[in-house]
Amino acid sequence: MPQSYNPNEIEPRWQQRWAADDLYRAADFADDRPKWYALVMFPYTSGDLHVGHWFAYVGPDVHARYKRMRGYNVLFPFGFDAFGLPAENAAIKDGIHPADYTRDNVARMMAQLQTLGAAFDFSRKLETCDPDYYRWTQWIFLQLFKRGLAYKSRAPVNWCPKDQTVLANEQVIDGRCERCDTPVVKKELEQWFFKITDYADELLKFDGLDWPEKVVTMQTNWIGRSEGLEVDFKAITTSGDEAPMRIFTTRPDTLFGVTFMVLAPEHPLVARVTTDDRRADVDAYVAEARNASDIDRQSTEREKTGVFTGGHAVNPLNGERVPIWVADYVLMTYGTGAIMAVPAHDERDFAFARKFGLEVRPVISPEGEPVAEMTEPYIGEGTLVNSGRFDGLRAPQPAIEEINAHVKAQGWGEPTVAYRLRDWLISRQRYWGAPIPVVYCDEHGTVAVPDDQLPVLLPREVDFTPEGHSPLGSVPEFVATTCPTCGKPARRDTDTMDTFVDSSWYYLRYTSPGLAGAAFDPAAVDFWMPVDQYMGGVEHAILHLLYSRFFVKALRDGGMLAFDEPFTRLRNQGMIIHGGSKMSKSKGNVKAPDLMVHSHGADAVRLYMLFIAPWSDGGLWYDEGIDGTRRFLTGVHHLVTTSYPADDAAPLESAEERELVRLTHQTIRAVTEDIEHFKFNTYVASLMKLRNALQDAHRTELARSVEYRRAIDALLLLLAPAAPHLAEELWRVTGHDYSIHQHAWPTFDESLAAADEFELVVQVNGKVRDRVMLPVGTDEDHVRQTVLARPKVADLLDGRSPKKIIYIPGRVLSIVL
RNA sequence: GUCGGCGUGGUGAAACGGUAGACACGCCAGCUUUAGGAGCUGGUCCCGCAAGGGGUGGAGGUUCGAAUCCUCUCGCCGACACCA
């Protein structure tokens, strides 16, 4: 009696063997196979992997295994994003040190991962909190610093009152902290920034990248490039001087329609133009705006607010004096923080003008219509009116071009480009991160820590309760140092870096993990990079992916890399929903994959994750479904252990056998295409179909044929990426050489996959009326004759002759009466 | 508000413009009593005894033929959201 299927015995046995043999170790260099760098986004060390993680990894694992069987030298590494707030918050809550917390979590996650049986090359495992790693994060910071791409600046920044730290723009979602959902407020602080805006234009180029359109669109919108014109209006200050008041507009064609100006509350000119009688109101308004959260300020539902400063500015184009207002719908962080208001042709300005009774002056007239009383702003095309020498020009073009040229010639301003993208704020007032490697010297100012003094180690004994300033500041031994330039006493920077800095270059480190003398080995990077296929959640469409692209470009310009983009192909998996929401620890709806592995085996869990939904869509998790893949595997095990034909099995030459050969080759073809296109659900369905056919045959004569034997071999090879343990076990049971995972992918023969008969669908007036089995290759005349001779068809024709007959070979004959 | 994506059985889902519902889950009936979380056979979109008819959120359109393409509309999801 054959052994029954026992995954709990099979799986650990093979996992140990693979690990002992280093089966999944990528071969560096000396290898004539083409390289394939497959990468999954590394996880944060939250403590447990849930089915969402597994769903994200199993598809890529199948694809990587498939690539290896196709003859590629595959690099498929794994590591951990190990710095960050949650570890610190857990430390505060439970009194455990973040380093210990993180180490324990990594251990637990690794144990869970082992049970998955993935083909990760764990010899390259890295953790970003390891000094051997963050030493090089610091080194990269210094490379940017030395090239002027890292700078310190005082600016209004996003501050999370709960986490007590600043946040990057990208980490503010709907005005709330990405991590804890607390409404973010603005604070004026001196912080470190990376000059990502220097690369705004290049980051808009996605040439040669095979990325989801959605991600490209999101990044493009995030960067938000707008071409426009900067113009100096002349603000008349209370002291009687004239001060240039620079505005940015994308609609220079409406410059003659300006009826007032608006300054952002934080704009430095506010104080200089506000008259004494208006000062109390303006001060109160500015103070209120400063204290309001972004949520309150940015609500578009809210009615416009603002106050008149009492001051005026002069429009250089027509010499008119217009009032200057302050309103929070103008943002200090975009353009110049000041706008010209053209209520006739801008919705926001129109709403504001209506509310405060300001003039609305149309300067663009829609075709052939005189401008009547405006009830809403006119945004469309037209002809300039009330615009002096520009009257009669078509707007927007060529009016914009003409006015731009005029403004430039007069020296009032120049065409320019504005971006929504802002520089990346990377300093954090928290403990668990890579210290910023600079020193402040009274004499020499901000000094880079020399390379040979890296890493700047994170001290272990620190009171990291968040109090709004950096915990490292309260560790005198850390702060006190000497100036690398003069050797006199100096102070270390006490902030740490945003964890997105850590994750912006980890894919480079994987190419030469553990390298002591450099961040990465240029030869290894040259060999492996760029990543051929990057896989992960679409939630990183902006943050991580944009930052990583920036890093590669910045390092390239520093002469350290010879390519432009880190990730050639990007694929996003969908989300697994359970109990109505995305699975997360905080929502308490987490399914632990290791428990399911215990009860059903890793292969059944893997197969189910592939089968449950298209990988790119994600889907709902429901427990019952796993029984189906479990049954399938049990069936395959039973089938192979009870009916694998002997070596000397002979061909049968029967119709059933030809049918089996055909299905085998069709399955190889379908599976190959499905895996290439990340359609893992139909991949599994094809395997089930082949198994069902073998099952039907398994008590018949056919089960003793050589073709049955070949069909099983093919089934096992096709199954290997999805259910690596069972495939390996049955490969051994059937007497093949170890390891199935090093065996070549099966090939299909198009002529054997082709059917020799096909079912022709007969449509009459668009409706399916008949079906006829015909030999493949039947010529059209013969098809027509056969169909028209069918009694059913003849009945419908009823003596009439068809108006038209359309034949789609191999599929349909459509008769129109 | 703007821009994307998606609407198919009781459920997860298949379907180069060409047989809608592959492959599963669940359910129903029968058989069997256990290949380790039972198995096997059959059934399972709707109406109809049948012949047949209807059916992919809704309404139109293009086409010999539409789940698929176009227009409008409703619903859900996602991103951005006063960006001048």
Side-chain angles (χ1 to χ4, degrees), chain A residues 1-9 173-175 212-215 217-218 221-222 224-226 228 247-251 254 262 297-302 304 327-331 333-342 346-349 351-352 418-421 538-539 541-542 575 577 599-601 604 608 611-614 617 619-632 634-635 637-639 641-642 679 681-689 691-692 695 759-768 770-771 802-808 810-817:
Chain A
M1 198 60 196
Q3 191 83 36
S4 53
Y5 177 45
N6 181 1
N8 291 335
E9 186 276 321
I173 311 294
D174 291 336
E213 199 56 45
K214 179 183 179 162
V215 174
T217 305
M218 282 169 71
N221 292 342
W222 186 263
R225 183 181 199 274
S226 305
I247 60 98
F248 173 78
T249 179
T250 54
R251 294 297 304 273
T254 64
V262 188
R297 275 187 67 166
Q298 288 175 359
S299 168
T300 45
E301 307 302 313
R302 200 187 57 150
K304 298 256 178 299
D328 63 7
Y329 80 89
V330 175
L331 309 175
T333 44
Y334 182 79
T336 60
I339 63 158
M340 63 178 209
V342 185
D346 180 277
E347 283 183 36
R348 295 149 304 175
D349 298 346
F352 195 83
Y419 299 91
R420 214 189 78 101
L421 180 71
V538 73
E539 65 270 20
I542 295 170
M575 242 176 354
I577 307 288
S599 54
H600 291 89
Y608 181 49
F611 189 57
I612 186 171
D617 290 359
L620 297 169
W621 181 265
Y622 62 110
D623 291 327
E624 298 74 29
I626 199 168
D627 293 334
T629 55
R630 171 55 189 259
R631 264 173 226 157
F632 166 71
T634 304
H637 184 270
H638 180 245
L639 187 74
T641 52
T642 58
K679 290 167 72 181
N681 55 334
T682 48
Y683 155 47
V684 176
S686 292
L687 296 180
M688 288 175 165
K689 205 169 172 180
R691 177 258 163 180
N692 290 347
Q695 181 69 36
E759 189 182 54
L760 180 79
V761 170
V762 180
Q763 294 185 341
V764 178
N765 282 342
K767 287 193 195 300
V768 178
D770 201 4
R771 292 145 207 265
K803 200 183 285 176
K804 198 171 172 188
I805 296 179
I806 294 149
Y807 179 55
I808 309 297
R811 291 188 186 273
V812 172
L813 188 88
S814 189
I815 301 168
V816 189
L817 291 178

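Residue numbering restarts at 1 for every chain, and letters A, B, ... go by the order of the sequence lines.
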Open item on the list: Please find the pair of heavy atoms, one from A:Ala351 and one from A:Lys304, that lie closest to each other, and give the distance.
Closed with: CB-CG, 4.4 Å
TODO: Record whether the side chain of A:Glu213 comes under 3.5 Å of the base of B:G4 through a donor-acceptor pair of N or O atoms.
DONE: no
Open item on the list: Both distances below 3.5 Å, Watson-Crick or wobble geometry, any strand: find the nucleotide opposite B:C27.
Closed with: B:G43
TODO: For B:G55 and B:A20, measure between their C1' atoms and round to the nearest Å.
DONE: 9 Å
Open item on the list: Can you tell me the base-pairing partner of B:A84? Count Watson-Crick or G-U wobble geometry only, both distances below 3.5 Å, and say none if there is no partner.
Closed with: none
Task: Proximal nucleotide (of B:A84, B:C64, B:G37) relative to the A:Ser599 side chain - done: B:G37
Open item on the list: Return the pairing partner of B:A50 with a 3.5 Å limit on both distances, Watson-Crick or G-U wobble; otherwise return none.
Closed with: none
Open item on the list: Does B:G36 have its OP1 or OP2 closer than 4.0 Å to a side-chain nitrogen or oxygen of A:Tyr5?
Closed with: no
- [ ] Considering only atom P, compute the distance from B:A59 to B:U68 and round it to an integer number of Å.
- [x] 13 Å
TODO: Among the candidates B:G37, B:C64, B:C23, find the nucleotide nearest to the side-chain atoms of A:Lys689.
DONE: B:C23
Open item on the list: Could you tell me the Watson-Crick or G-U partner of B:C64, where both distances fall under 3.5 Å? Say none if there is no partner.
Closed with: B:G18
Task: Gap in Å between the two P atoms, one belonging to B:A66 and one to B:G18, rounded - done: 11 Å
- [ ] Indicate, with a heavy-atom threshold strictly under 4.0 Å, whether A:Lys767 touches base, sugar-phosphate, or nothing.
- [x] sugar-phosphate
Task: Gap between atom CD1 of A:Ile247 and atom OG1 of A:Thr336 - 0.5 Å precision - done: 6.5 Å
Open item on the list: Distance check, C1' atoms only: B:A13 and B:C25, in whole angstrom units.
Closed with: 10 Å
Task: Per A:Arg811 side chain, nearest of listed nucleotides B:U19, B:C16, B:A24 - done: B:C16
Open item on the list: Counting only side-chain heavy atoms from C-beta out, which of B:C23, B:C82, B:A13 sits nearest to A:Ala685?
Closed with: B:C23
TODO: Whole angstrom is fine here: how far is it from CG in A:Leu331 over to C1' in B:C80?
DONE: 14 Å
Open item on the list: Can you see if the side chain of A:Lys679 gets near the phosphate of B:A15 - specifically, an N or O under 4.0 Å from OP1 or OP2?
Closed with: yes
Task: P atoms of B:G10 and B:G78, separation to the nearest Å - done: 26 Å
Open item on the list: Heavy-atom nearest nucleotide on RNA chain B for A:Thr336 versus A:Asn8: which residue maps closer to 5'?
Closed with: A:Asn8
Open item on the list: Counting the atoms with a prime plus P, OP1 and OP2 as sugar-phosphate, which does A:Ser226 contact under 4.0 Å by heavy atoms, base, sugar-phosphate, or nothing?
Closed with: sugar-phosphate
- [ ] Consider the side chain of A:Phe248, meaning its heavy atoms from C-beta on, and name the nucleotide among B:U19, B:G18, B:A84 that approaches it most closely.
- [x] B:A84
Task: C1'-based separation of B:U8 from B:G58 [nearest Å] - done: 15 Å
- [ ] Assign each of A:Asp627 and A:Ile815 to its nearest nucleotide of RNA chain B by heavy atoms, then name whichever residue's nucleotide is nearer the 5' end.
- [x] A:Asp627
Open item on the list: Which nucleotide wins on minimum distance to the side chain of A:Arg630, given the candidates B:A84, B:G12, B:G36?
Closed with: B:G36
Task: Distance below 4.0 Å between A:Ser814 side-chain N/O and B:C64 OP1 or OP2 - done: no
- [ ] Could you tell me the separation between the CG atom of A:Asp617 and the C1' atom of B:G5, rounded to a whole number of Å?
- [x] 10 Å
- [ ] Identify the heavy atoms of A:Ser226 and A:Thr250 that sit nearest to each other, and give their distance.
- [x] CB-CG2, 3.9 Å
Task: Pairwise C1' distance, B:U73 and B:G7 [rounded to whole Å] - done: 14 Å
Open item on the list: Looking at A:Asn681, I'd like to know whether one of its side-chain N or O atoms comes within less than 4.0 Å of OP1 or OP2 on B:A22.
Closed with: no
Task: N/O (side chain, A:Arg631) to phosphate O (OP1/OP2, B:G26) under 4.0 Å - done: yes
Open item on the list: Can you see if the side chain of A:Lys804 gets near the phosphate of B:C64 - specifically, an N or O under 4.0 Å from OP1 or OP2?
Closed with: yes
Open item on the list: What contact category does A:Thr629 fall into here, base, sugar-phosphate, or nothing, at under 4.0 angstrom with non-hydrogen atoms?
Closed with: nothing
Open item on the list: Over all strands shown, is A:Glu759 touching base, sugar-phosphate only, or nothing at heavy-atom distances under 4.0 angstrom?
Closed with: base
Open item on the list: Quick check for you: among B:A14, B:U19, B:A81, whose closest atom lies nearest to any side-chain atom of A:Trp222?
Closed with: B:A81
- [ ] Can you tell me the pairing partner of B:G78 across any strand shown, Watson-Crick or G-U wobble, with both distances under 3.5 angstrom?
- [x] B:C3
TODO: Provide the Watson-Crick or G-U wobble partner of B:A13, both distances under 3.5 Å; none if there is no partner.
DONE: none
Open item on the list: Counting the atoms with a prime plus P, OP1 and OP2 as sugar-phosphate, which does A:Pro7 contact under 4.0 Å by heavy atoms, base, sugar-phosphate, or nothing?
Closed with: nothing
- [ ] Can you tell me, in whole Å, how much space there is between the C1' of B:C28 and that of B:C74?
- [x] 36 Å
- [ ] Searching all strands shown, indicate the nucleotide that pairs with B:C72 (Watson-Crick or G-U wobble; both distances under 3.5 Å).
- [x] B:G58
Task: Residue A:Thr250, side-chain atoms from C-beta onward, closest of B:C82, B:A14, B:A84 - done: B:A84
Open item on the list: Any base atoms under 4.0 Å from A:Gly224, or only sugar-phosphate, or nothing? Heavy atoms, all strands.
Closed with: nothing
Open item on the list: Quick check on B:C80: is either OP1 or OP2 less than 4.0 Å from any side-chain nitrogen or oxygen of A:Arg420?
Closed with: no
Task: Phosphate contact (B:A84 OP1 or OP2) by A:Arg251 side-chain N/O below 4.0 Å - done: no
